[in-house]
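Below, all heavy atoms of this structure are taken into account, side chains as well, without hydrogens, waters or symmetry copies.
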Amino acid sequence: MDIHEYQAKEILTRYGVKIAEGGLAYSPEESVQRAREIDGNVWVVKAQIHSGARGKAGGIKVCKTHDEVEAAAEELLGKSLVTHQTGPAGKICSRVYIEAATQIDKEMYLCFLIDRSSERIVMVGSSRGGMEIEELAETDPDAIKKIYIEPAVGLQDFQAREMAFTLGLEATQLSHAVKTIRGCYRALRDLDANMLEVNPLVITGSGELIALDAKMSFDDNALFRRHEITELRDKTQGDPREVAAADQGLSYVGLNGDIGCMINGAGLAMATMDMIKLAGGEPANFLDVGGGASAERTEKAFRLVLADKGVKAMLVNIFAGINRCDWIAQGVVHAVKNIDMKVPLVVRLSGTNVEEGQRIIAESGLPIVTAATLADAADKVVQARNEVVAEEHGRK
């Protein structure tokens, strides 16, 4: 789960990290009021969307008068911002953050990540922060320092000092830098975050160390014990299909293809999508219904997949271990009858009570195509999809 910049900054301040003075606004008039409350005569209006590279997309505007603040907010609010992270659809800006402009002497990069391959937390830093950090990683990887932290031990002071020196800070700034770095680490650790990025971390003209931007992402599986973090979720920033699935306890990721998938088990889902690609198709989603796919849960999954109007055909691939194929078959038949499906459906069942499951589908009288193997199922659903597309083109 991602959160907005202003939310991440509010969290960081609780851990001793300094930020510039700012306030949130939902309208141009409120933006002017926030600017009046902030000291200074230059303000920055920042679009709040779940994406980086907002500056390149025109989502960050420097203003020198209240009229400029109002005009900037009016331009950004309700606008769809497109960055290289959002995809062509972009994300709608429904709020802006008004912040005091900062005189920047130096920009740096600081990030903490969960590194699953090493089973550790990795601290990443560079003395060259800002918008071009992705390009820097490709063109000059030596400019980026990685320090691995053992979770059982935690971040050590010598590691924080090593990173501070990597960032190019002076000895007089060392104690403040260590406090900032340790604060970021504690925020990640205490709140079950997957990632915390400060880009840029800046030295101001007065020598202060300030987090000028902040981004945090949290482990969905830990949200049940982090209610204060769950309340920060902005559903307008997510894929509507994924938000609806999460509300129903289903694991769903929207993709760009047109073959809908309903599968139990993440590994089987990945293999199924690979087989669809190998057969010449493109999956429309990743959907893992889990081990307890009851008739009601199956129907919910069907409705979720078919809510995507781009789906031309659907594949159900179930391996029944804890579950039973006859229960799944009953759920599929029940769902197809209730939903009145308009697209071809291919079902492949394997495992416990598979013969009974196949019998239930065969005797249902419904136009359901069955498959014996995963490869067979992938071939049949791609063929069905191609026939639908050809028919649509024929009507045009």
Side-chain angles (χ1 to χ4, degrees), residues 1-19 22-24 26 46 48-52 54 85-86 91-92 94-95 97 110-124 148-156 159-160 179-199 201 211-254 266 286-292 297 300 304:
M1 186 191 89
D2 296 326
I3 61 174
H4 289 294
E5 170 198 359
Y6 76 93
Q7 295 168 326
K9 285 182 172 179
E10 287 174 0
I11 289 172
L12 289 179
T13 57
R14 302 204 300 262
Y15 288 87
V17 178
K18 285 192 175 183
I19 64 171
L24 189 67
Y26 293 89
K46 296 183 174 183
Q48 296 299 288
I49 62 170
H50 289 174
S51 173
R54 291 170 297 164
Q85 295 181 10
T86 64
K91 290 191 175 181
I92 298 293
S94 60
R95 63 196 83 178
Y97 188 60
L110 179 66
C111 180
F112 289 85
L113 294 165
I114 303 296
D115 182 43
R116 301 190 186 281
S117 61
S118 67
E119 299 181 357
R120 295 178 181 178
I121 297 169
V122 59
M123 176 169 54
V124 184
Y148 289 86
I149 303 164
E150 176 58 54
V153 177
L155 175 66
Q156 299 298 293
Q159 292 176 311
K179 180 182 177 182
T180 297
I181 292 168
R182 290 189 67 86
C184 291
Y185 170 76
R186 290 200 311 274
L188 178 101
R189 178 198 63 193
D190 294 352
L191 300 175
D192 291 310
N194 285 332
M195 184 273 295
L196 190 160
E197 181 184 65
V198 179
N199 183 34
L201 177 68
L212 207 57
D213 195 1
K215 184 178 180 181
M216 292 186 75
S217 179
F218 297 87
D219 185 350
D220 290 344
N221 295 316
L223 291 179
F224 73 94
R225 63 186 182 191
R226 302 291 175 207
H227 300 297
E228 75 280 14
I229 299 301
T230 305
E231 291 173 1
L232 302 179
R233 184 192 296 272
D234 182 359
K235 292 184 178 181
T236 66
Q237 293 294 299
D239 185 317
R241 299 170 297 176
E242 296 179 14
V243 172
D247 290 343
Q248 298 177 43
L250 296 170
S251 179
Y252 181 101
V253 178
F286 167 101
L287 174 58
D288 174 13
V289 295
R297 190 176 176 84
K300 287 180 180 178
L304 185 63

One should read off an interatomic distance between Ile149 CD1 and Phe112 CZ, to the nearest 0.5 angstrom, of 5.0 Å
Looking only at non-hydrogen atoms, find the nearest pair between Cys184 and Leu110 and report the distance. SG-CD2, 4.2 Å
Is any side-chain heavy atom of Met195 closer than 4.5 Å to one of Glu197? yes
From Glu10 atom CD to Ile19 atom CD1, the distance as rounded to the nearest 0.5 Å: 7.5 Å
OG1-CG distance between Thr230 and Leu223, expressed to the nearest 0.5 angstrom: 4.5 Å
Donor-acceptor contact present, side-chain Gln7 to main-chain Met216, <3.5 Å: no
Using a strict threshold of under 4.0 Å (side-chain N to carboxylate O), is an ion pair present between Arg226 and Asp192? yes
Supply the atom-to-atom distance Asp115 CG to Met123 CE, rounded to the nearest 0.5 angstrom. 13.5 Å
Got Val198 and Cys111 here, is their nearest side-chain heavy-atom distance under 4.5 Å? no
Test item: Leu201 and Thr180 side chains (from C-beta on) under 4.5 Å apart, heavy atoms: yes
Where the side chain of Arg182 meets the backbone of Leu155, is there a donor-acceptor pair that is under 3.5 Å apart? yes
Just by modelled atom types, is the Leu212 backbone N or O under 3.5 Å from a matching donor or acceptor in the Lys9 side chain? yes
Using side-chain contact (heavy atoms from CB on, under 4.5 Å), reason through Ile3 and Asp234 one step at a time and then give a plain yes or no. CA-CA 7 Å; Ile3 61 174; Asp234 182 359; over 6 Å; no
Mind running side-chain contact (heavy atoms from CB on, under 4.5 Å) on Leu196 and Leu188 for me, showing each step along the way? CA-CA 6 Å; Leu196 190 160; Leu188 178 101; 4.2 Å; yes
Taking every non-hydrogen atom, the tightest pair across Gln85 and Ser51: CB-OG, 3.5 Å
Once you round to the nearest 0.5 Å, how far does CZ of Phe224 lie from CD1 of Ile229? 14.0 Å
Heavy-atom nearest pair, Gln48 first then Tyr6, reads OE1-N, 3.1 Å
For a 4.5 angstrom cut-off between non-hydrogen side-chain atoms, does Asp213 reach Arg54? yes
Presence of salt bridge, Asp2 and Arg233, under 4.0 angstrom: no
Find the distance between CG (Leu232) and NE2 (His227) and round it off to the nearest 0.5 Å. 13.0 Å
Just wondering, are more than 12 heavy atoms of other shown residues or ligands nearer than 6.0 Å to CD in Glu119? no
Heavy atoms, side chains only, cut-off 4.5 Å: are Glu5 and Lys215 in contact? no
Looking at side-chain heavy atoms only, is the closest gap between Ile11 and Leu191 below 4.5 Å? yes
Checking the side chain of Asp220 only, and the main-chain atoms of Met1 only, is there a donor and an acceptor separated by less than 3.5 Å? yes
Would you say Ser118 and Tyr148 make side-chain contact, with heavy atoms under 4.5 Å? yes
Relative to the ring of His50, is the ring of His4 parallel (under 30°), tilted (30 to 60°) or perpendicular (over 60°)? tilted
Given Ile92 and Ile49, is the side-chain contact (heavy atoms from CB on, under 4.5 Å) satisfied, shown in steps? CA-CA 7 Å; Ile92 298 293; Ile49 62 170; over 6 Å; no
Residue pair Asn194 / Leu113, side-chain heavy-atom distance below 4.5 Å: no
